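Notes to accompany the following structure.
On a predicted model such as this, the values are computed, not experimentally measured, just so you know. Side chains included, hydrogens not; waters and symmetry mates left out as well; all remaining heavy atoms used. Numbers restart at 1 for each chain; the letters A, B, ... are given by sequence-line order, proteins then strands.
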Amino acid sequence: MAYSVTTQTPASRIAAIAGVILISLLIALPFFAGRGTIQDMFFILTMLVLAQFWNLLAGYGGLVSIGQQAFVGTGAYALFGVVILWGVDPVPAIFCAGIAALVIAVPTAFFAFRLNGAYFAIGTWVIAEVVRLLVAQWKMLGGGTGTSLPRDATRDMWFIESIESTLGLRSAAARDVLAYWLALVLALATIGGIYWLLRTRRGLALAAVRDNTEAAKSVGVDAGRMKWIVFLTSAFGTGLAGGLIYMQKARISPDAAFSVTDWTAYVIFIVVIGGIGTIEGPIIGVLVFFALQTLLADFGSWYLMTLGVLAVVVMLVAPRGLWGLLSEQTGLHLFPIRRRLTGGKLASSEE
Amino acid sequence: MIWVDTVIQGILLGGLYALFASGLSLVFGIMRLVNLAHGDLIVMGAYLILVLVTILGLSPFLAALIAMPVMFCLGWVLQKFLLNRTLGDDILPPLLVTFGLSIALQNALLETFSADSQRLPTSALTTASVQAGPVSLGVMPLLTFGSAILVIVALNQLFYRTELGRAFRATSDDPTTASLMGIKPANIFATATGIAFVIVTIAALYLGLRANFDPNIGPARLIYAFQAVIIGGLGSLWGTLLGGVIIGVAQTLGAAINPEWQILAGHFAFLLVLLVRPRGLFPRAND
Amino acid sequence: MAPLQTPLLKTNGLVAYYGDFQALFGVDIELDVDETVAIIGANGAGKTTLMRSIAGILRNAATSVSFDGRPIGAQPADEIMTQGVAMVPEGRRLFPSLSVEENLLIGTYGRKSRGYWTLDTVYDLFPILRERRNNPGTALSGGQQQMVAIGRALMSNPRVLLCDEISLGLAPVVIKDIYKAVPAIKAAGASLIVVEQDIAQAMAFADRVYCMMEGRVTLSGTPDTLSRNDIHDAYFGASQ
Amino acid sequence: APSIAQGAKIRLGYVSPQSGPLAAFSDADQFIIDGFLKSEAGANFEVIVKDSQSNPNRAAEVAKELIVDDEIDMMLVASTPETTNPVATTCEAEEIPVISTVAPWQPYFIGQQGNPGDPDSWRPFDYSFHFFWGLEDVISTFTSMWNQLDTNKSVGAIFPNDGDGNAWGDPNVGFPPVLAGKGYSLTDTGRYQNLTDDFSAQINAFKAANCDIVTGVPIPPDFTTFWTQAKQQGFNPKVASIGKAILFPQAVEALGDQGHNLSSEVWWSPTHPFTSSITKQSAGELASRYSSATGNQWTQPIGFVHALFEMAADVMGRVDDSRNPDEVAAAIAATQLNSIVGRIAFDGIGLPPFVAANVAKTPLVGGQWRMREDGSYDLVIVDNSDHPDIPTNGTMEEIS
Amino acid sequence: MSILSLKSVSKSFGALTVTDDASFDVLQGQALGIIGPNGAGKSTLFNLITGNVRADGGSIHFEGRDVTRASAMERCLIGIGRSFQIPQPFEKLTVYENLLVAATHGRNLSEAIVRDDCADILERTELIRRANVPAGRLSLLERKRLELARAMATQPKLLLLDEIAGGLTEGECQALIRTIKDIHARGVTIIWIEHVLHALTSVVERLLVLDFGKVIGLGDPEEIMASREVQEIYLGIEV
Ligand SMILES: Nc1ncnc2c1ncn2[C@@H]1O[C@H](COP(=O)(O)OP(=O)(O)OP(=O)(O)O)[C@@H](O)[C@H]1O
Ligand SMILES: Nc1ncnc2c1ncn2[C@@H]1O[C@H](COP(=O)(O)OP(=O)(O)OP(=O)(O)O)[C@@H](O)[C@H]1O
Ligand SMILES: [Mg+2]
Ligand SMILES: [Mg+2]
């Protein structure tokens, strides 16, 4: 008579084992891979983090924002601010980047939540512009010119020395490895965190709100609070990623840090190509995006034109993205969240 | 006196923004389509006029007249075969598709025309001005503002005096029921976009006469256009004009205090209006 | 009872889905020239879905609906309407941005309407609308709105008029007013399919009645051959 | 023995904005690089070219790729602080020698400091070198052009909030202190954002201050907007000396007849009396070769991009191991090269001590655009007071 | 003691007045039936009580608390549960997950605690075999059952049921009546809108008649049903 609930499937168990192997490989990567690979992986991982958070926002929370660059930029500038002006080490400064993005997100949400649909999208864009213009007035960090991280700060970062000695690397390469490991931690925490969220009752509520907001409210789901949680979480995560990305770049300017193309448009592209509303989608999407960039980036405007056309084609042909296509065909889920009731009267006849 | 001048220049600037915004407003109002490529389409229009001017040796105004039907067809085809397929409750498909279009268009223009900034041939008109009391008004900005008003009056006539306008409004209210009345929403939408492209051509003309343009200049213009549309209220064309004027005046006033605040002031005006009236100044009753 | 000539309108194993959910399971109905057919059934029985399928809002296999012997099941709504099948949708669905007169005129969009129904004859049918013609359609009372919805459909001079729940939410007097228009509509050459929840009303004016339940036709016949108990069973599944 | 003799080719990375809004700066890149590789010195080199897409993010990314994936020996980078700074910062962090040009040294140097507002915190670079002129040269050139005319010495300035604008308008190292010292009064209304649509505020302020002179460093579309509005609103200064916006003839042509007698700084022209150290071409020859090869009018970046490759050839000719960044950096620092843009040496002449190690200055003169009969424009050198060796071919005229 | 009390509640959509000065009380533990013609405003009345629609005027009290301005979510949390006339399942979630949302959020409990409760409700509403099926794939009948089950999962003190018996066979109808009686017997107050009168009258103790948004009768079901006015208005059939 006793019932139990499981979310695992045979496929997910295999995926979990493969995941553990993959993660171990990724952690050990700096020991055998060249710098080029490490840097490519850094790019992939940070874009993946941005994509996962935008996906959380739009795919799960229904909040289509085109202003994520506000949080990347705020995080990045906060990192430069505390490093340059207060002399904080860049590694802990990444945390400040997240906090700063969170702080900006509160008034942004207060304003943007008054708007719906397309208005929300454009509202977030305008707010990002406002933040960009305000930061461009911040003379201490170079105003519209931008600024660079002091060399002393980047040379003596936490962990650098031990990485240098353990792996026998020059300091620039050691910095890459450190940034890569931080990005790996951030990406794993992001995916793990989002997966965990989706498996809690809040995740269930998110899905319910997405399916039918009125009905969700009527069974006690606080749809308004869900929006806040999702928005603030993704702002925080996006800010962390922004801080990390610019720690690695070591040079910042408002136009770069608040670029709508780099930090929102490409991210949307990644999510939509891969499959919105799934954890797997952004992972696939970022790989496709990276492959395209590697193959085509040297063709300049042709590359961008291809990207634009591809976005149009995917949206029309496979609106649920590549992963959507795949999982429709195979029923495969690497991150299953469906709770299956078993036992009791279901024991004999599984549907 | 400087303040009077500042406000008047702001109003005239608002005319330009309203012109950029009218086509957007039309499309947004009728089919809730957020067209992120609108700015780039204006730039494309400017290049089209430039090509006509260069090849046929016409005056820009005449060239724009020729460009209009071409642009109409382009808009019609674009809507019918591409954008119609993205319409629906979900705002993401149109956003992504028009964004893809925007990037593709920018880079196609770049490949074709290079990054050099261009301008439509100038004439004495470009720098001519009329003196109104102590204020000196450029003929070109006055012409721009006049054209914006003309466009809006014409669109209003179309909307409220013709059968096509009725069909526009009906389809915008409820495409399913409109189809029960023998209207093909797909064609209505295509026609609306065609008309929006004609307005885009007019906007392109003034963009090209006023200052330089290059393939990348579109998105910067897009945001003001959106602000004008949203401040005005969905589907209200006069509202769009007012929205443009509000942004324009806010910018010139902000600049008069300190040019650092010029563009920010426009954005703040937008946020302020939305804070007080989240659906714009003249929202439609039934949205 | 079955007429010998081909019926004016006929559905043939009509099915309909909303996503995964099947709302109609092989519905067969017929409408003859000059006939009035009523469709009754409980909430959610699929009456509206049937109307929407015939009118072309929901697409179907070409042969599942035929009009005048031609298959029209796969045509879009606007084409079906231009061939002479007009619909008064459930809930009236007037265009809020249009005045009463504009709402009526939209019924002739893109066509020269040839036939009995014009603005004048519609105003003659519902005189109250003439007075209110410059009001927004949505400022009228429910009954008046229903008149506009009917008038709008008539403006295209249809050969088949589909009416979905025209008496829904209306006071009995108003309902009476509206049904008073039916003979004039028929006289002008239209055959009618009317969805009606009010069984008595349906029995009173229809030549034939179909009763639907859960996406299927469970009973059909002329009013005089159907007993109240039959209907009750067909309506609710079973009697006490 | 110099590494050049050892057979393996030396790898140069080159980053410039080949697409995007700054692409006009890179029009001559291909022509120059082809010429360089065909030359005798060029035969020892391999040049890997990357496009920054006019995007600072992208510039930093491709710089990393060049260093890490292509394992270049030295980086060359040109055109505007938006390109040079991210690339130079990356190279400095990666400890790869980099030579940059086509950006005044202030935005290059100060723009890469953590806190530009605090001179005490500024540090020199170990691997990053730059040759170009500085704001003090523009100011000097502009003022001596202005001194050729009879004006009221009231100057209006339009400085945007970008790398160049902030440097030009800087209260310590920019225009304001020097102009004040030379007896000019400056009306600077503040840093506006690029792509502004209305300049009434500035025009009103300039009118109120009765400015005879306008200067600034706007981007081309903004200058067109400003200049057209100025005319519309009845503001007619005698002199307009503008950096950046009217660098390229196309931009001036876009102004129609309103471009006549606009003045600008001139960093390089076909009449500059310099020759290439690799091809032995004179400036005039290089420019005419370019025009006949591409059909385009000559532009100023041609000389400097060419000089970048002259630097590469010269520096690598003086090192034993091109793969040793410290040796290469030392060789750059020791450069004494007579190039097509003049003498390049990191000897600190004309520079404050904090940049002496990283910057070499090249000569700057003043020019004016003169409209030809057919509506196209010629750049005429009208002032050479700082570098009399560069000939003038006209004198300063008022804007009519 | 009255658990729910409406005072002069009114609501219009544009020109159409759908709820017109409605006032009535429901006692703790009572089962109230609501009847009225199509479009009379019955569902709207439910929406007003649950907070899915805000009243234009009047006040609504639940257990003595003024909830007129409270949101639908808050009202659910204090014990008002409902089913929708047009079923509104969370289509992409499974049947079990649909209940889980309601049980965990409506009662603010963890998933583990409510698991057996949900399974129990699924058994009672005969949905247990469909527990792991996405709700979007259910038939109409199953959807209606899910509406009831999901409302029960929030463990309401007041349960609002909107036409859940329409289209059932006699056997199914009897089973449904048993389920509702069972819920009622546990002390839950019930308001039930239903056209299937025999089902309704076999459960409810009082009957309210609505016409044009007005309460035109409230009292003992037999008396109400017997009144000629109700027969005419409601059935439209002369008896
Ligand atoms: N757009 C839709 N999406 C999903 N399901 C729908 C949709 N429209 C109707 N349904 C479902 O299809 C079934 C039949 O609905 P339909 O509207 O045809 O019934 P009806 O007989 O007209 O009912 P009513 O008397 O309430 O108008 C119902 O179960 C309904 O819930
Ligand atoms: N959101 C809304 N906007 C406009 N009108 C509405 C809205 N909701 C309901 N109505 C209208 O209010 C009236 C009453 O609707 P309601 O659903 O309350 O009736 P009901 O008594 O439940 O009818 P039924 O027996 O058909 O379920 C109807 O005319 C309906 O069209
Ligand atoms: Mg219906
Ligand atoms: Mg109801």
Item checked: Residues of residues 158-166 of chain A with any heavy atom under 4.5 Å of a heavy atom in chain D -> none
Taking every non-hydrogen atom, the tightest pair across [X] and [Y]:
X: D/Lys64; Y: A/Gln248; result: NZ-NE2, 2.9 Å
X: D/Gly111; Y: A/Arg251; result: O-NH1, 2.7 Å
X: A/Gly143; Y: D/Asn166; result: C-ND2, 4.3 Å

So for [X], is it side chain, backbone, both, or neither that comes closer than 4.5 Å to the heavy atoms of chain D?
X: A/Trp263; answer: side chain
X: A/Ile252; answer: neither
X: A/Thr261; answer: neither
X: A/Asp176; answer: side chain
X: A/Tyr246; answer: side chain

Got a second to check how far [X]'s [atom1] is from [Y]'s [atom2], nearest 0.5 Å?
X: D/Asp69; Y: A/Asp40; atom1: CG; atom2: CG; answer: 6.0 Å
X: A/Phe43; Y: D/Glu65; atom1: CZ; atom2: CD; answer: 9.5 Å
X: D/Asn57; Y: A/Ser253; atom1: CG; atom2: OG; answer: 7.0 Å
X: D/Gln193; Y: A/Asp255; atom1: CD; atom2: CG; answer: 7.5 Å

Check: Taking side chain as C-beta onward, heavy atoms only, is D/Glu71 less than 4.5 Å from A/Arg35?
Finding: no
Margin query: Under a 4.5 Å cutoff for heavy-atom pairs, which residue among D/Gly165, D/Pro86, D/Pro56 has the most contacts with chain A?
Written below: D/Pro86
Checklist line | Top of D/Glu92, D/Glu61, D/Arg123, D/Arg191 for chain A proximity - count of heavy-atom pairs under 4.5 angstrom | finding: D/Glu92
Is the backbone of [Y] close enough, under 3.5 Å, to the side chain of [X] for a donor and an acceptor to pair up by distance?
X: A/Arg175; Y: D/Ala93; result: yes
X: D/Asn161; Y: A/Ala136; result: yes
X: A/Thr147; Y: D/Gln113; result: yes

Margin query: Can you confirm whether more than 12 heavy atoms, excluding those of D/Phe354, are under 6.0 Å from its CZ atom?
Written below: yes
Next item on the list: Please look at D/Asn85 and chain A and tell me whether the side chain, the backbone, both or neither of the residue comes under 4.5 angstrom of a heavy atom of that chain.
Entry: both
Next item on the list: Below 4.5 Å from any heavy atom of chain A, which atoms of D/Asp126 appear? Answer side chain, backbone, both or neither.
Entry: both
